[in-house]
Amino acid sequence: MADSKVGKTFEQIREKIDRGDVVILTAQEICDRVRKGEIPTLHDIDVVTTATSALMSGTFAVLSFKVSEPDTFTKAARVWINGVPAQVGPCPNERIGILDLIVFGTEQSVSDPGYGAGDLFRDLVAGNKVKVKIETDEGQNLTCFTTLKQIPHAMLHASRNAFKNYLAFVNPGKASISTIFHSDKMKGNYEEMTFCGCGELNPLKNDPELKTIGMGTKVLINGAQGFVTGPGTRSSADHPNLSGVADMHQMKPEFMGGFKTGHGHDIITTWAVAIPVLDMDMLTHILKTDDDIPLKVVDVRSRKPIFEITYGDVWNKNTENGVETDNRVEFNWKTCLKCDDCPVEKSCPVKAVHSDPDGNVVHFDRSKCFNCGLCVSICKGNSFLSNMSSIELDGVEHKVPVTLRQSNRATALKAAQDLKKQIQKGVFKITKPVGKISFPD
Ligand code: SF4
Ligand code: SF4
């Protein structure tokens with residue numbers, strides 16, 4: 001009988017995939033087994049599929065496409081797509097009628113404050129027509145329309161993505177404040193908590209020593225096969241993150257979009273990463289569940305840590321009514337009061353809720369909903385349902401309710417499941433890194 005502690009090589013795991021006898025589990029499937037008291041061994045798992053779906057500000061698109069016949073204008077000086085400003089360059093565009101553009105994921109439309117670059121990227125990936133407005137260096141104004149199919153080069157780049165989990169935020173002050181960590185004002189006196197991070201599903205939590213994630217590792221970014229290109233900006237040993245790139249033509253809109261915060265637009269991006277389980281050290285990390293993963297609670301004003309809880313407190317906890325926290329949010333239209341000025345429609349950070357102009361029906365777009373949970377606390381009819389957590393913090397007299405999640409674990413799980421199926425079908429080939437990533441201490 002083989003020793004259950006002896007590791008495997010990349011090549012051996014790839015051979016098992018080719019033979020069709022590989023064991024692939026999502027990180028959640030493994031952690032569910034651990035919660036039931038099982039202790040999986042190296043024999044029981046060959047590959048774990050992990051994922052994270054969250055606001056990832058360090059995301060930008062590089063687009064290159066034809067906007068006119070040559071010599072129609074000399075140079076584009078400023079460009080907007082659906083009102084979202086694009087940086088012209090880095091390549092010159094003199095007289096050729098082709099533009100190279102960079103669009104930052106945090107940009108906001110100049111014509112619609114509710115529309116940002118994340119919405120634009122989702123519209124492009126969904127095949128929607130977008131309006132391109134050009135101001136030339138000679139003061140001409142040109143307009144044209146395009147779709148992603150007519151944009152031959154459309155690559156999404158990640159300069160700071162897939163953090164190894166993140167932080168929770170509270171406001172100990174008296175006054176409410178606006179912040180990127182809330183979509184409205186964050187109330188003071190510890191009245192609420194927001195957080196980011198997918199806990200046990202997170203790629204870097206499952207391979208923190210970066211034995212299988214490195215430069216050139218193939219990943220899924222918004223459902224498209226892409227690659228890790230190196231460490232992300234501001235990476236540190238405590239808060240590592242990754243950079244990467246993928247082709248927008250292969251992406252799926254359900255994994256991406258815009259998200260309005262209290263301090264401007266942010267962008268939703270989803271990564272899925274396959275981790276071959278090579279040795280016992282790796283397995284030890286993989287078997288850690290939400291309860292074993294620390295989550296620092298910081299003062300949103302200073303970002304100083306003031307408490308420490310775990311991801312088990314926010315994702316996997318029995319709530320007061322004896323039910324586990326929900327990853328998803330559901331809408332019960334039967335209890336909707338059809339309020340005159342629906343606060344959910346006003347505040348939903350992804351615009352998943354709309355009322356009819358006559359106010360008779362409230363529509364909930366399930367495919368757009370990020371499951372952030374903000375609507376659960378602000379809906380007047382309690383029509384949005386999700387068991388969100390309430391946290392006890394030392395010295396705070398009341399339990400602090402989680403009111404907003406800036407990570408979407410339901411979508412991350414879907415991404416991890418999709419990746420598992422793609423490896424099983426041979427559509428996604430796991431790759432060995434071509435270079436090692438290290439993070440400064
Ligand atoms: S606040 Fe809630 S109950 Fe009122 S209209 Fe909006 S969804 Fe319906
Ligand atoms: S959970 Fe509610 S507030 Fe959040 S995205 Fe979905 S509908 Fe909007």
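Note that the numbering runs from 1 along the sequence shown for the chain. First listed ligand is number 1; within each ligand, the first listed atom is number 1.
- Applying the side-chain contact (heavy atoms from CB on, under 4.5 Å) rule to R366 yields the partners R328, E330, F364, C369, N371; only residues at least two apart in sequence or on another chain are considered.
- A heavy-atom distance below 4.5 Å is found between the side chains of K211 and D281.
- Centroid-to-centroid, the aromatic rings of F259 and F370 come within less than 6.0 Å.
- The aromatic rings of Y190 and F307 sit perpendicular, their planes meeting at an angle over 60°, well past the 30° parallel limit.
- Counting heavy atoms under 4.0 Å from ligand 1, residue E345 does not touch it at all.
- Under a 4.0 Å criterion applied to the non-hydrogen atoms of F370, ligand 2 contributes the atoms 5 (S), 6 (Fe).
- Among R35, R33, K205, the one residue that satisfies the salt bridge (Lys or Arg N to Asp or Glu O under 4.0 Å) test with E200 is R35.
- Taking every heavy atom of N371 and a limit of under 4.0 angstrom, the matching atoms of ligand 2 come to 1 (S), 6 (Fe).
- Proximity to P349 (heavy-atom distance under 4.0 Å) selects the following atoms of ligand 2: 3 (S).
- Within ligand 2, counting atoms from 1 as listed, the ones closer than 4.0 Å to a heavy atom of V350 are 5 (S).
- The closest protein non-hydrogen atom to atom 8 (Fe) of ligand 2 is C348 SG, 2.3 Å.
- Side-chain contact of N408 with T411: a donor-acceptor pair under 3.5 Å is present, judged by distance alone.
- Residue contacts with ligand 2 for F331 are absent, since no atom lies close enough (heavy atoms, distance under 4.0 Å).
- The shortest contact between atom 1 (S) of ligand 2 and any protein heavy atom is with G373 N, 3.2 Å.
- Sparse packing is recorded around CG of D340, with 12 or fewer heavy atoms of other residues, nucleotides or ligands lying under 6.0 Å away.
- Counting only protein atoms, the N, O or S atoms lying less than 2.8 Å from atom 2 (Fe) of ligand 1 are C379 SG, ordered by chain and residue number.
- A donor and an acceptor atom, one from each side chain of S243 and T229, are located under 3.5 Å apart.
- In the candidate list S183, C372, S347, C369, C369 is nearest to atom 6 (Fe) of ligand 2, counting heavy atoms.
- Atom OG of S367 is separated from atom CD of E254 by 9.0 Å, given to the nearest 0.5 angstrom.
- Each of the atoms 7 (S) of ligand 2 lies under 4.0 Å from some heavy atom of F364.
- Aromatic rings from F163 and W271 are positioned such that their centres are separated by 6.0 Å or more.
- Under the 3.5 Å distance criterion, with hydrogens and angles disregarded, no donor-acceptor pair is assigned to the side chains of T50 and N206.
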